[in-house]
Amino acid sequence: MVNVIGLGYIGLPTALMLASNGVEVTGTDYNQKLVDTLKEGKITFQEKGLETLFSDALRAGIKFSHEYQKTDTYIISVPTPYDELSKKIDAEYVIAAVKNVLSCCQKGAVIIIESTVSPGTIDKYVRPIITDSGFIMNQDIYLVHAPERIIPGNMVYELEHNSRTIGADIREIGEKVKGIYRSFCKGEIVVTDIRTAEMTKVVENTFRDINIAYANELAKICRSDHMDVYEIIRIANKHPRVNILSPGPGVGGHCISVDPWFLVGDYPGLANIILAARKINDSMPEFVLERIYEIMQEAGLQDVSRVGLYGLTYKENVDDMRESPALQMLDSMKRHLSGNLVKVYDPYILEDVVENQYHDLEQFLADIDFVVLLVAHEEIRENMDKLQGKVILDTRKVCHLEGTFYL
Ligand code: SAJ
């Protein structure tokens, strides 16, 4: 039986996928309310295909519990935040989970860590817990690092089709774990050592961060010199070896905007391009604010309360607001204007999380003259004509109405 620890954005789909493919699974989370919701047969976040996968897993007999289970295989998928100041990983949740596993596991158990960790974290924080608890590594307990790679918005598909990395001390253990993932994973599964697996994951996310930063920097350069960055990127991308990403209001989410900091924190003085990219991406919400003020002047608008931000999530068609550029903009505005005057709306955010938040698109649009598109949710793409007559700043280049302003 596999005990999946941490039923969040990664743990839940993974547990469901394993269960639907014939593996005996119990999902465990320290949040009793979350466990209760799952037991009632309800999913805890919105994701394409998750509902169906959940029904399949329930039919296959998946169990949910608040308690860690006594078994031989654990998958740990708990959050790994970073310390804002030192930029180093905060491995507290992983450590707590491993300690809990050790208090109940069978001898010879395999602990698979899926949470993203900075290179060296397993050596530095996890191995000592095991040996200090009197277990012999690679005899009483085996450690594996199998970092997840799935993208929010397309998780279920990617779980099945992406290739995976499995880091283990002992090849046979790596192969055994490969067998577990093989139950649902159609992609290539590469077995390597733990440090390589740790580094690979962080390197992948950093690659994307740097590439987005390049697009964002180009947007700033082109803005300063009155050039159309989108046209330039479109043409440049016709080169067979060029693939520039899209500029945007900033990089949010719990992965790309976090993981590169691990490298910056651990390799000061060496991680230079990585640090520069982080700074560029982090500066984008402020850049959008400047664009808003510029456009207000250009359009002769004075009343900030007639400005509306469309989108609170970190990207399109997800309900995840972690590190979202919109929240950073609202924070910054609050500091400057001592209060949030702008109107805000996101079809995916059903609860009130910020001031002046709307829950109805029509109402939101009726109360504003200037709309700032921060997230290109399907909803707005399908209702673009409703923005007719408004001043529009489109940070995602999805609106083609005449007179639209861009980054
Ligand atoms: N963004 C841009 N321009 C782009 C692409 C993205 O501004 O051209 C922004 C998005 O709007 C968003 C942020 O970047 O704010 C990140 O979004 P994303 O869709 O690029 O990635 P995530 O954070 O949802 O998921 C990433 C993925 N990693 C890579 O593509 C290397 C995913 O495969 C990982 O599993 C995930 O991080 C993770 O958990 O590490």
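Ligands are counted one by one from 1 in listed order, and the atoms in each one are counted from 1 as well.
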Taking only heavy atoms of the protein into account, state which residues are under 4.0 angstrom from an atom of ligand 1, in chain and number order.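 Contacts of ligand 1 under 4.0 Å: Glu148, Arg149, Ile150, Ile151, Pro152, Lys201, Glu204, Asn205, Arg208, Ile212, Leu245, Ser246, Gly250, Val251, Gly252, Cys255, Ile256, Tyr314, Lys315, Arg396.
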What do you reckon, is CD of Glu175 surrounded by more than 12 foreign heavy atoms closer than 6.0 Å?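 Result for CD/Glu175: enclosed.
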CG/Asp394 to CD1/Ile380 distance, rounded to the nearest 0.5 angstrom?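 That separation rounds to 10.0 Å.
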Looking only at atom types and distance, does a side-chain atom of Asp346 sit under 3.5 Å from a main-chain N or O of Leu312, one as donor and one as acceptor?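 Side chain of Asp346 to backbone of Leu312, a donor-acceptor pair under 3.5 Å: yes, one is there.
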Check whether any side-chain N or O of Thr71 sits under 3.5 Å from a backbone N or O of Val2 as a donor-acceptor pair, and report yes or no.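 Checking the backbone N and O of Val2 against the side chain of Thr71, no donor-acceptor pair under 3.5 Å is found.
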Under 6.0 Å from the six-membered ring centre of Tyr406 and within 45° of its axis: does the NZ or CZ of Lys397 meet both?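 Output yes; distance and angle both within limits.
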If you look only at pairs with a residue in residues 18-46, which of them pass as a ring pair (Phe, Tyr, Trp, His ring centres under 6.0 Å), with sequence neighbours excluded?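 Every pair satisfying ring pair (Phe, Tyr, Trp, His ring centres under 6.0 Å) with a residue in residues 18-46: Tyr9-Phe45.
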